[in-house]
Amino acid sequence: MSTICEVKVDFLKLAKEFAGRWVALHPDTRELVAVGQSAKEVLDSALEKGVEEPVITRIADDYGSYIPCALASI
């Protein structure tokens with residue numbers, strides 16, 4: 001059975017620095033663990049750092065009408 005949990009991340013702060021790129025966050029601490037041009041690149045980087053199940057999302061270029069959502073199953 002999956003449970004949906006709320007993830008609180010300051011996407012506006014990430015957008016200023018990483019717009020248009022992919023990021024991987026630690027699933028427990030929400031710490032940024034990798035940044036790259038593709039989801040595969042950040043997944044590989046996070047796995048190399050020992051983060052087995054990172055939360056991966058693309059940071060939008062413009063958050064005008066975009067609401068980011070990252071889901072994690074527990």
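Only this structure's heavy atoms are used, side chains among them; waters, hydrogens and symmetry mates stay out. We number each residue from 1, following the sequence as shown.
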Asks: Side chain to side chain contact (heavy atoms under 4.5 Å, CB included) with E31: which residues, sequence neighbours excluded?
Replies: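 Side chain to side chain contact (heavy atoms under 4.5 Å, CB included) list for E31, sorted by chain: H26, T29.
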
Asks: Can you name the closest pair of heavy atoms from L32 and F18 and give their distance?
Replies: CD2-CE1, 3.5 Å

Asks: Under the side chain to side chain contact (heavy atoms under 4.5 Å, CB included) test, which residues partner K49, sequence neighbours left out?
Replies: S45

Asks: What are the two closest heavy atoms between P54 and V51, and how far apart are they?
Replies: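 What the structure gives for the nearest pair is CD-O, 3.6 Å.
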
Asks: Apply side chain to side chain contact (heavy atoms under 4.5 Å, CB included) to Q37 and list each qualifying residue two or more places apart in sequence or on a separate chain.
Replies: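 Counting only residues at least two positions away or on another chain, Q37 forms a side chain to side chain contact (heavy atoms under 4.5 Å, CB included) with R21, E41.
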
Asks: Going by side-chain contact (heavy atoms from CB on, under 4.5 Å), V23 matches just one of I56, V33, T57. Which one?
Replies: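 The residue from I56, V33, T57 that satisfies side-chain contact (heavy atoms from CB on, under 4.5 Å) with V23 turns out to be T57.
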
